[in-house]
Student: 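I am attaching a structure below and will ask some questions about it afterwards.
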Amino acid sequence: MQNHQPYGPQYPDNEIEVVRDDMDAEKKQEMETYLQGLRYSDGAMKELIEKLDSLDKKVMVVFWGDHYPGSGIYTDMYKGNEVELHKTPLLMYNNFGLEREELGTKSLNFVQTDVLNSIGEKISPFQKLLTQVNGKLSTLSKIELFDNNQNKQTKKEIATIEELKDYRMIEYDVNAGKRYSLKTDFYK
């Protein structure tokens, strides 16, 4: 939860100065706090990677953010395009030499299958369904759905994706239904 709002003056040794004429002093201070937090996070990430690289056991870690900061720091930049506000970098790091792979833009619920497939692990029928949905769509969102070429999908196009219908049925079953799928080997 590093760098989550509120962005009060929490770093007495803040080295960041935002110089903008079109931003009031409070917003500048919030942005400076956010950016200093990013600097600290980068330093901590470097330390973590150095420690992981020194381990004898194989380790893979996945880091992501769920959205850019609110408080008007970035929201004004993306007014009218909330999808961009929710696109954040994803880092999959390993200490055992897997090749770097460009993942593109994708929903977080597809990342588990990327991790398992990259290390050659067996996937469950549910994860196979996720892989099939990801073969047709790069994102699953309440806001908008995009195909793997980042083309926004219409309701008519979405309605033709059988794997998505199956996914939504399972999602309903687990979240609001009678949880029939939990009584099977679908997740094993």
Side-chain angles (χ1 to χ4, degrees), residues 1-4 41 44-70 81-188:
M1 292 302 292
Q2 176 80 18
N3 299 331
H4 200 280
S41 293
M45 179 68 73
K46 181 180 182 217
E47 276 184 53
L48 175 64
I49 287 173
E50 288 170 355
K51 287 183 182 182
L52 292 176
D53 284 343
S54 71
L55 297 175
D56 290 332
K57 71 163 64 171
K58 292 180 178 182
V59 178
M60 177 182 271
V61 292
V62 180
F63 291 94
W64 70 92
D66 63 343
H67 58 81
Y68 281 100
N81 191 354
E82 286 72 25
V83 172
E84 288 299 315
L85 187 61
H86 289 268
K87 284 185 179 178
T88 62
L90 167 71
L91 170 68
M92 290 174 55
Y93 180 80
N94 70 84
N95 67 352
F96 50 95
L98 285 179
E99 291 294 317
R100 181 183 170 151
E101 180 183 343
E102 183 58 47
L103 298 172
T105 301
K106 64 173 51 206
S107 291
L108 203 51
N109 35 353
F110 296 136
V111 172
Q112 64 178 293
T113 57
D114 289 333
V115 169
L116 294 171
N117 287 326
S118 72
I119 59 174
E121 280 294 314
K122 183 179 174 186
I123 62 173
S124 70
F126 174 70
Q127 291 159 335
K128 183 172 179 150
L129 175 60
L130 280 176
T131 302
Q132 291 169 341
V133 173
N134 190 207
K136 308 268 172 114
L137 297 169
S138 65
T139 62
L140 289 174
S141 166
K142 290 182 180 180
I143 301 170
E144 296 174 327
L145 297 175
F146 293 88
D147 68 14
N148 290 313
N149 294 318
Q150 297 306 299
N151 298 313
K152 183 177 173 182
Q153 298 294 283
T154 65
K155 287 184 180 185
K156 187 176 179 181
E157 291 166 325
I158 292 167
T160 66
I161 302 172
E162 292 300 320
E163 297 88 349
L164 182 60
K165 291 176 191 175
D166 293 342
Y167 175 82
R168 286 184 168 162
M169 189 182 325
I170 293 297
E171 186 177 47
Y172 175 82
D173 176 53
V174 171
N175 292 315
K178 299 204 181 225
R179 299 181 171 197
Y180 294 118
S181 66
L182 296 177
K183 299 171 187 148
T184 70
D185 289 340
F186 192 60
Y187 304 98
K188 294 183 183 174

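Predicted model, so just to flag it, every value in this text is computed and none were measured.
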Student: N134 and T113: side-chain donor and acceptor closer than 3.5 Å?
Tutor: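 No pair is found: no donor N or O on one side chain lies under 3.5 Å from an acceptor on the other.
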
Student: Minimum heavy-atom separation for Q127 to I123, with atom names?
Tutor: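 Closest approach of Q127 to I123: OE1-CA, 3.4 Å.
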
Student: Between atom CG of L129 and atom CE of M169, what is the distance when rounded to the nearest 0.5 Å?
Tutor: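 These two atoms lie 10.0 Å from each other.
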
Student: Salt bridge or not between E162 and K165? Use side-chain N to carboxylate O under 4.0 Å.
Tutor: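 Here E162 pairs with K165 in a salt bridge, since their nearest N and O are under 4.0 Å apart.
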
Student: Report the C-alpha distance between F186 and I170 in whole Å, list the side-chain angles of each, state the deciding distance to 0.1 Å, and finish with yes or no for side-chain contact (heavy atoms from CB on, under 4.5 Å).
Tutor: CA-CA 10 Å; F186 192 60; I170 293 297; 3.8 Å; yes

Student: Do F63 and M45 come within less than 4.5 Å of each other through their side chains, counting heavy atoms only?
Tutor: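 SC-SC contact between F63 and M45 confirmed.
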
Student: Provide the closest heavy-atom pair for L98 versus M60 in the form atom of the first, atom of the second, distance.
Tutor: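 Shortest heavy-atom separation between L98 and M60 comes out as CD1-CE, 3.5 Å.
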
Student: Report yes if the side chains of V174 and F126 come closer than 4.5 Å at any heavy-atom pair, otherwise no.
Tutor: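 Sidechains of F126 and V174: no contact.
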
Student: Test side-chain contact (heavy atoms from CB on, under 4.5 Å) on L55 and F96; report intermediate values, then the result.
Tutor: CA-CA 10 Å; L55 297 175; F96 50 95; over 6 Å; no

Student: Does any part of the side chain of N94, heavy atoms only, come nearer than 4.5 Å to the side chain of K58, both counted from C-beta?
Tutor: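 Not in contact.
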
Student: Got more than 12 heavy atoms from elsewhere within 6.0 Å of NZ, K46?
Tutor: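 Open: at most 12 neighbouring heavy atoms sit under 6.0 Å from NZ of K46.
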
Student: Are the side chains of Y167 and I161 in contact, using a 4.5 Å heavy-atom criterion?
Tutor: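 SC-SC contact between I161 and Y167 ruled out.
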
Student: As an exercise, state the distance from CG of L137 to CG of L145, rounded to the nearest 0.5 Å.
Tutor: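 If I round to the nearest 0.5 Å, the distance is 5.5 Å.
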
Student: State, yes or no, whether a side-chain contact exists between F146 and T105 at a heavy-atom distance under 4.5 Å.
Tutor: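 Not touching, per the 4.5 Å side-chain cut-off.
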
Student: Any heavy-atom pair between the side chains of E157 and N151 that's under 4.5 Å?
Tutor: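 Not in contact.
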
Student: Hey, is the main chain of K57 close enough, under 3.5 Å, to the side chain of N95 for a donor-acceptor pair?
Tutor: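 A pair under 3.5 Å: yes.
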
Student: Return yes when atom OH of Y172 has more than 12 non-hydrogen atoms of other residues, nucleotides or ligands closer than 6.0 Å, and no otherwise.
Tutor: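 No, because the 6.0 Å sphere around OH of Y172 holds 12 heavy atoms or fewer from other groups.
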
Student: Output yes when a side-chain donor or acceptor of Q150 lies under 3.5 Å from a complementary backbone atom of N148, and no otherwise.
Tutor: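 No: the side chain of Q150 does not pair with the backbone of N148.
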
Student: Atom CG of L52 and atom CD of E47: how far apart are they, to the nearest 0.5 Å?
Tutor: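 So the CG of L52 and the CD of E47 are separated by 11.5 Å.
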
Student: Any chance you could measure L48, atom CG, to S41, atom OG, to the nearest 0.5 Å?
Tutor: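 Nearest 0.5 Å value for the CG-OG distance: 11.5 Å.
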
Student: Filter on salt bridge (Lys or Arg N to Asp or Glu O under 4.0 Å), then keep only pairs touching residues 116-138, sequence neighbours left out; what's left?
Tutor: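 Checked against salt bridge (Lys or Arg N to Asp or Glu O under 4.0 Å) - neighbours excluded - the pairs reaching residues 116-138 are K136-E163.
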
Student: Just so I know, are the side chains of Q132 and D166 near enough to count as touching, which here means a heavy-atom distance under 4.5 Å?
Tutor: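 Of all side-chain heavy-atom pairs linking D166 with Q132, none is under 4.5 Å.
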
Student: Taking the side chain as C-beta and beyond, is there a heavy-atom pair between L164 and R168 under 4.5 Å?
Tutor: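 Yes, close enough: below the 4.5 Å cut-off.
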
Student: Quick check against the 3.5 Å criterion: does S107 have a side-chain atom that pairs as donor or acceptor with the backbone of F110?
Tutor: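 No; zero donor-acceptor contacts below 3.5 Å.
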
Student: With side-chain contact (heavy atoms from CB on, under 4.5 Å) as the test, would you mind laying out the steps for N109 and V133 before giving the verdict?
Tutor: CA-CA 11 Å; N109 35 353; V133 173; over 6 Å; no

Student: Are any side-chain N or O atoms of S138 and backbone N or O atoms of D147, one a donor and one an acceptor, separated by less than 3.5 Å?
Tutor: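 Yes, S138 side chain to D147 backbone: donor-acceptor pair under 3.5 Å.
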
Student: Of the non-hydrogen atoms in D173 and R179, which two are nearest, and what is the gap between them?
Tutor: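 Reported closest heavy-atom pair: OD1-N, 2.8 Å.
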
